[in-house]
There are 2 protein chains.
Amino acid sequence: MTRNTPDSLKEVIRDFRRDQVVDVARRLFGDRGSTDVSMDEIAAEAGVARSTVYVYFANRDELLRACLSGLHTQLLEAIAETWERDADPAHRLERLIGEMLAIVDDNPAFFRLALVTQGTVSQGAEAVGAELALIALDIARLIRDLFVQGVADGLFAGRDPDRATSLIGQQVYGAMSIRAAEPLPESRTAAAAETCAFILRGLGT
Amino acid sequence: MTRNTPDSLKEVIRDFRRDQVVDVARRLFGDRGSTDVSMDEIAAEAGVARSTVYVYFANRDELLRACLSGLHTQLLEAIAETWERDADPAHRLERLIGEMLAIVDDNPAFFRLALVTQGTVSQGAEAVGAELALIALDIARLIRDLFVQGVADGLFAGRDPDRATSLIGQQVYGAMSIRAAEPLPESRTAAAAETCAFILRGLGT
DNA sequence: AATCCATCGGACATGCTGTCCGAGATATTG
DNA sequence: CAATATCTCGGACAGCATGTCCGATGGATT
């Protein structure tokens, strides 16, 4: 048992330390565009001993998972912020796409990495895959709600919401992936508008 | 210099041996849904010594590249076969999408792997990325031609072909990626028809 | 002053990659 | 048959990374 420090404070400290390492790792992964960074290097860059990293993360995969988890919250926060501000489905869709693309632009290399890791490329990335699946689920839910509302508003033609969600999701997913791979992507707002218009035409009344 | 065997024959033999190993590797990668298979294992499964594998492939990455290269030719052959058979752009598009999805269905795990590797997840996967980029370029060219022809036929609204290609590519890319991740994808022809119809509406006149 | 605790730094076992080389098998050629 | 070229094998080896472990250190608490 801890003598003096209450457990809650201990957890705060722990989280702080973890974040410290995660930030460094994410930067290195992103810079290099690859998870191929040794734990030695991460530890050195973070200014801690390698063994200390293992105090906070059971292994490499858990560290990677923590990096992606940050992406998740970052995305959800960005969307939530603008979600309530505009009730019009068309605008919401455009905003949603814009925010997603913003995440990509924020760190293309790391995003590419995120997509990549989903497919389980390196050893035991199931945990990472699960993390990504959560994000995808959240987004899919948002898109589905948006579509249903759009149908009610007469913006979209009435069809199976799940199929529509799938089509929209495909387009957005593709747009993000391709943007992440592009060396010099076009203007984000233009790209978002274009993609949004395409979807509206494709599913419109 | 070779005494008896002509160089061309030597190359045939070499290619045959290479294919032998590539087939095994592709199967193992696919089965496991990960490139995390040791060279030992691949060699053992192929029934050759590990050192022999290194006679035919300089390193792991080259082996991986060879695996993806097979995917490339497989895809191009499948498309070429049906490409000339139908001149109508709408049908061509549906065929194209159908063929792409067929590739995915053929070995979802390996295709996921291919997508994944593109992003350079493991050490020195630039070569692999280049291989994938070639495929993407080929497909993009096909799509672009298709679009231009479609505009001439009055099927598509006239707009910047590059942007249109990008939008179509995004949709197809997304459809493939998501299908590869789906445990139980819907009927391939239905999916292809749906995606094609969506694109036609989105870009139609 | 005594004690706790996070961190350090390094040793260690394990596993994989890529290199190298001698031994043996096989087929070709004179 | 004998000589030779060529392929493959199997194992040794160095290098590097991961993950575990533990004694030493130094700062903070009581």
Give the ring-plane orientation class for A:Y173 versus B:Y173, where under 30° counts as parallel, over 60° as perpendicular and anything between as tilted. parallel
Nearest whole angstrom, please: distance from the P of C:dC16 to the CG of B:L28. 14 Å
With a 3.5 Å distance limit and no angle check, can you tell me whether A:S69 reaches the backbone of A:R65 through a side-chain donor-acceptor pair? no
B:F16 has an atom CZ; how far is it from atom P of D:dT8, in whole Å? 12 Å
Which whole-number value in Å describes the distance from B:D61 CG to C:dC16 C1'? 14 Å
Going by an N to O cut-off under 4.0 Å, is there a salt bridge joining A:R18 and A:D15? no
Pick out the pairs of N or O atoms, protein on one side and nucleotides 23-27 of chain D on the other, that lie under 3.5 Å.
none

Where do N or O atoms of nucleotides 7-12 of chain C meet protein N or O atoms at under 3.5 Å, pair by pair?
| unit_1 | atom_1 | unit_2 | atom_2 | d |
| --- | --- | --- | --- | --- |
| C:dT7 | OP1 | A:R17 | NE | 3.0 |
| C:dT7 | OP1 | A:R17 | NH2 | 3.1 |
| C:dT7 | OP1 | A:Y56 | OH | 2.9 |
| C:dT7 | OP2 | A:Y56 | OH | 2.7 |
| C:dC8 | OP1 | A:G47 | O | 3.4 |
| C:dC8 | OP2 | A:A49 | N | 2.8 |
| C:dC8 | OP2 | A:T52 | OG1 | 2.6 |
| C:dG9 | N7 | A:S51 | OG | 3.1 |
| C:dG9 | O6 | A:S51 | OG | 3.1 |

Helix axis bend for the helix from C:dA1-D:dT30 to C:dG30-D:dC1 - C1'-based end axes, five pairs, 10° rounding: 10°
Interatomic distance where CD belongs to A:E62 and C1' belongs to D:dT18 [whole Å]: 15 Å
For the pair made of CG in B:L63 and P in C:dC16, what is the distance, rounded to whole Å? 16 Å
Give me the atom names and distance for the closest heavy-atom approach of B:L155 to B:A90. CD2-N, 3.8 Å
Taking only residues two or more places apart in sequence, or in another chain, which ones meet B:R144 in a salt bridge (Lys or Arg N to Asp or Glu O under 4.0 Å)? B:D162
With rounding to the nearest 0.5 Å, note down the distance linking CD1 in A:I42 to CZ in A:R50. 11.0 Å
Between A:D40 (CG) and D:dG19 (C1'), how many Å, whole number? 12 Å
What is the minimum heavy-atom distance between B:A157 and B:V151, and which atoms define it? O-CG2, 3.9 Å
Identify, with sequence neighbours excluded, every residue that meets side-chain contact (heavy atoms from CB on, under 4.5 Å) alongside B:I139. B:L75, B:I79, B:M100, B:I135, B:I143
Nearest to the B:M39 side chain among D:dG19, C:dT17, D:dT18, which nucleotide is it? C:dT17
Could you give all pairs that pass the salt bridge (Lys or Arg N to Asp or Glu O under 4.0 Å) test and reach residues 98-109 of chain A, with sequence neighbours left out? A:D105-A:R179, A:D105-A:R188
Centroid separation B:F16 to B:Y56 less than 6.0 Å: no
Taking atom P of C:dT17 as reference, at what distance in whole Å does atom CZ of B:R60 sit? 5 Å
Can you give me the closest heavy-atom contact between A:L64 and A:F29, atom names plus distance? CD1-CE1, 3.3 Å
Take the protein atom OH of B:Y54 and the nucleotide atom P of D:dT8, then report the distance between them rounded to whole Å. 16 Å
